[in-house]
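Please read the structure below before turning to the comments.
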Amino acid sequence: MHINVINVFIMAMFTMLPSSLLAQQTLKVATFNVSMEADNYLKKGEKGSPEVLMDVLASKNHPQVKNIAAIIQRVRPDILLLNEFDYIADPEQGVQAFINNYLQQAQAGSKAIDYPYFYYHTVNTGQPSPYDLDNNGKATGVGNDAWGFGFYPGQYGMVLLSKYPIVTEQVRTFQHFKWKDMPQHLPTLQADGKPWYSKEAWQEFPLSSKSHWDVPVLVGGKTVHLLISHPTPPVFDGPENRNGKRNHDEIRFWTDYLSAETSGYIYDDQGQLGGIAQQQPFVILGDLNASAEGEGDALLTGIAGLTSHPSVNNSVVPQSAGGLEHSPDREFAASHTASWRMRADYVLPSKQGFNIKDAGVFWPAKDTADYYLIGTREASSDHRLVWLELELTAN
């Protein structure tokens, strides 16, 4: 669903800003896996649906969502990706209800915040397939037999919030790009060496467990491309490592997308070929479920290839005192973004177009006043909000 049409006159005025003013433009960009999917609000065994989150948002008073809003209000990002926000087709009952009923209301001593622009779209999680994708002898259409793990369409969806206009007519989505069409994809095999997936399933299998989005946002006189995804966790499978390989290739998609010599095979959901135009400023956002430091179960080559890409600036890694306190025996604890001890969530800007001014992970230490916002799994999420403050340069 594409929302908030850009005012052409305003766009024209922005493009006439002098470069001296543009060079001083700063932008705080963040990603946050908010755990706002139905299973988070139900008892074990209860059947989830998007209506569960709709009711939570309409209530205006759910403690977990109020804490999520308080964290956002504390950090005050200009652009924010929310992972695990269930897809709700009607914005008035979904993203707009979250903005109106929670973000625009002062939470826990913070000032209200507004996001006049937003973008969301369908995802593959919970979309039923007719195939037995986990090879357990049953084709259920849900869970591991959905095109992306989930029990109803739109579970674990994504929403982008922005204070700056979104160029909706130029958004590219890759929800239906087929895994088989990625050159040198990692094959998933059974113990006897035969393909894990049936021929019929493989022909239809999407690469994205949720989706991949390229969302242009107009900031001053510059278009910034937000490259958004939430790859599958590289676990919950077997020796075939089907989720680990999918996670790797979902991340590798962006590595290929960034370079003209590797992006030619990519097609979007409208049939447009190729990757991002060279010299375009971009920020990669999302819960990538992988650690470039080698923590966790992901295949290192996927995430390491992305963070070390020549056009990506990974020189400043967001950190927190709370993460260091949570795992004092871990070398990379300060840069962890999830309670299960790994850097999983990323804000990775391009080298072109930005200087990194500041960075952080919202993870307060135990002796601070805000610790209660993240102190338990139920308080907010098992992930932390990750942010970068960027200065836009004239070039």
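Keep in mind that the numbers below use all heavy atoms, side chains included, and drop hydrogens, waters and symmetry copies. Because the structure is predicted, anything quoted here is derived from the model rather than measured. In this chain, residues are counted from 1 in sequence order.
- Hydrophobic cluster membership differs between V347 and I276, with clusters built from Ile, Leu, Val, Met, Phe, Trp and Tyr side chains linked at under 4.5 angstrom.
- Two residues are said to be in side-chain contact when any heavy atoms from C-beta on lie closer than 4.5 Å; D132 and D134 meet this criterion.
- Using a distance-only test at 3.5 Å, with no hydrogens or angles considered, no donor-acceptor pair links the side chain of S211 to the main chain of V123.
- Smallest separation of non-hydrogen atoms from V224 and V219: CG2-CG2, 4.2 Å.
- Of the inter-residue distances, the one linking R242 atom CZ with E240 atom CD reads 5.0 Å to the nearest 0.5 angstrom.
- For R384, there are no salt bridge (Lys or Arg N to Asp or Glu O under 4.0 Å) partners at least two apart in sequence or on another chain.
- Among residue pairs with one or both ends in residues 322-339, those qualifying as salt bridge (charged side-chain N to carboxylate O under 4.0 Å, His left out) are E295-R330; sequence neighbours excluded.
- A side-chain donor from one of T122 and Q175 sits under 3.5 Å from a side-chain acceptor of the other.
- Within the 4.5 Å cutoff, the side chain of L80 has heavy atoms near those of the L82 side chain.
- Within the model, atoms NE2 of H176 and CD of E204 stand 12.0 Å from one another, a figure rounded to the nearest 0.5 Å.
- Looking at heavy atoms from C-beta onward, E37 lies out of side-chain contact with L53 at the 4.5 angstrom threshold.
- Taking the six-membered ring where tryptophan is involved, the planes of F151 and F149 are perpendicular, since the angle between them exceeds 60° and thus also 30°.
- When all heavy atoms of T223 and Q280 are compared, the pair lying nearest together is O-OE1, 3.7 Å.
- Between S208 and N124, the side chains place no donor N or O within less than 3.5 Å of an acceptor N or O (distance only, hydrogens not considered).
- A donor-acceptor pair is defined here as one N or O able to donate and one able to accept, closer than 3.5 Å; no such pair exists between the side chain of D382 and the backbone of A338.
- Counting all heavy atoms, side chain and backbone alike, D237 lies closest to N243 at OD2-N, 2.9 Å.
- Looking at D78, its side chain never comes within 3.5 Å of a backbone N or O of Y164 through a donor-acceptor pair.
- The aromatic rings of F174 and Y257 sit perpendicular to each other, their planes meeting at more than 60°, with 30° as the lower class boundary.
- When hydrophobic clusters are built by joining Ile, Leu, Val, Met, Phe, Trp and Tyr residues whose side-chain heavy atoms come closer than 4.5 Å, directly or via intermediates, L388 is not grouped with I303.
- For the residue pair D86 and Y152, a side-chain donor N or O sits within less than 3.5 Å of a side-chain acceptor on the partner.
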For this session: For Y197 and L133, run side-chain contact (heavy atoms from CB on, under 4.5 Å): C-alpha distance rounded to whole Å, both residues' side-chain angles, the deciding distance at 0.1 Å, then the answer.
Result: CA-CA 6 Å; Y197 300 108; L133 298 180; 4.1 Å; yes
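- For the pair Q319 and L324, the minimum side-chain heavy-atom distance is 4.5 Å or more.
- Relative orientation of the W254 and H212 rings is tilted, given thresholds of 30° and 60° on the angle between their planes.
- Checked by atom type, the side-chain pair H230/D287 shows a donor-acceptor distance below 3.5 Å.
- The backbone N or O of G150 sits nowhere less than 3.5 Å from a side-chain atom of T125 that would complete a donor-acceptor pair.
- Cluster annotation: L385 and L348 are assigned to distinct hydrophobic clusters (Ile/Leu/Val/Met/Phe/Trp/Tyr, side-chain heavy-atom contacts under 4.5 Å, transitive).
- For Q107 (side chain) and Y102 (main-chain N/O), a donor-acceptor pair under 3.5 Å exists by modelled atom type.
- Ring pair F362/F32: centre-to-centre distance not below 6.0 Å.
- A distance-only check finds no donor-acceptor pair linking the side chain of W363 to the backbone of S335 [under 3.5 Å].
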For this session: Let me see the working for R74 and I72 under side-chain contact (heavy atoms from CB on, under 4.5 Å), right down to the final yes or no.
Result: CA-CA 5 Å; R74 296 283 205 274; I72 295 169; over 6 Å; no
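- For the residue pair H383/S35, the side-chain donor-acceptor check at 3.5 Å is not satisfied.
- H326 and S320 are not linked by any side-chain donor-acceptor pair at a separation below 3.5 angstrom, with hydrogens and angles left out of the test.
- Remark: the R341 side chain and the S327 side chain contain an N/O donor-acceptor pair separated by less than 3.5 Å.
- Heavy atoms from other residues, nucleotides or ligands lying under 6.0 Å from NZ of K366 number 12 at most.
- Enclosure of atom CZ in F236 is not indicated, since only 12 or fewer non-hydrogen atoms of other residues, nucleotides or ligands lie within 6.0 angstrom.
- In this structure, W179 and W202 have tilted ring planes: the angle between them lies in the 30° to 60° band.
- Counting heavy atoms from C-beta outward, Y41 and D55 have side chains that stay 4.5 Å or more apart.
- Remark: side-chain polar atoms of E84 are not paired, donor with acceptor, to backbone N or O of Y156 under 3.5 angstrom.
- Side chain of R76 to main chain of K111: a donor-acceptor pair is present (N/O by atom type, distance under 3.5 Å, no hydrogens or angles).
- Contact check for F205 versus Y131: no side-chain heavy atoms found under the 4.5 Å cut-off.
- Heavy-atom minimum distance, P231 versus N247: CB-ND2, 3.6 Å.
- A heavy-atom distance below 4.5 Å is not found between the side chains of K222 and Q25.
- A donor and an acceptor atom, one from each side chain of S380 and Y372, are nowhere located under 3.5 Å apart.
- The heavy-atom pair separating Q64 from V34 by the smallest distance is NE2-O, 3.0 Å.
- Taking every heavy atom of both residues into account, A38 and V52 meet most closely at CB-CB, 3.7 Å.
- Under the 3.5 Å distance criterion, the side-chain polar atoms of K245 are matched with a main-chain donor or acceptor of P187.
- For Y120 and Y87, the ring centers sit closer than 6.0 Å to each other.
- A donor-acceptor pair under 3.5 Å is absent between the side-chain atoms of Q73 and the main chain of G109, judged by distance alone.
- Side-chain atoms of D345 and T31 include no donor-acceptor pair closer than 3.5 Å.
- A continuous path of ILVMFWY side-chain contacts below 4.5 Å connects V312 to L288, so both sit in one hydrophobic cluster.
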Exercise. side-chain contact (heavy atoms from CB on, under 4.5 Å) between L103 and D114: does it pass, once the steps are laid out?
Worked result: CA-CA 6 Å; L103 294 179; D114 186 29; over 6 Å; no
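- Counting heavy-atom neighbours within 6.0 Å of K60 NZ, excluding the residue itself, gives a total of 12 or less.
- With no hydrogens or angles considered, a side-chain donor-acceptor pair links N313 and S315 at under 3.5 Å.
- Side chains of S350 and Q352: no donor on one and acceptor on the other come within 3.5 Å.
- Two rings, from H225 and W213, have their centers 6.0 Å or more apart.
- Taking the side chain as every heavy atom from C-beta outward, L81 and L226 never approach each other to under 4.5 Å.
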Exercise. Can V95 and Y119 be said to form a side-chain contact (heavy atoms from CB on, under 4.5 Å), step by step?
Worked result: CA-CA 9 Å; V95 57; Y119 178 83; over 6 Å; no
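- Side-chain contact check for E250 and S229: no donor-acceptor pair (N or O, by modelled atom type) lies under 3.5 Å.
- Under the 4.5 Å side-chain heavy-atom criterion for grouping Ile, Leu, Val, Met, Phe, Trp and Tyr, V283 is connected to V215 within one hydrophobic cluster.
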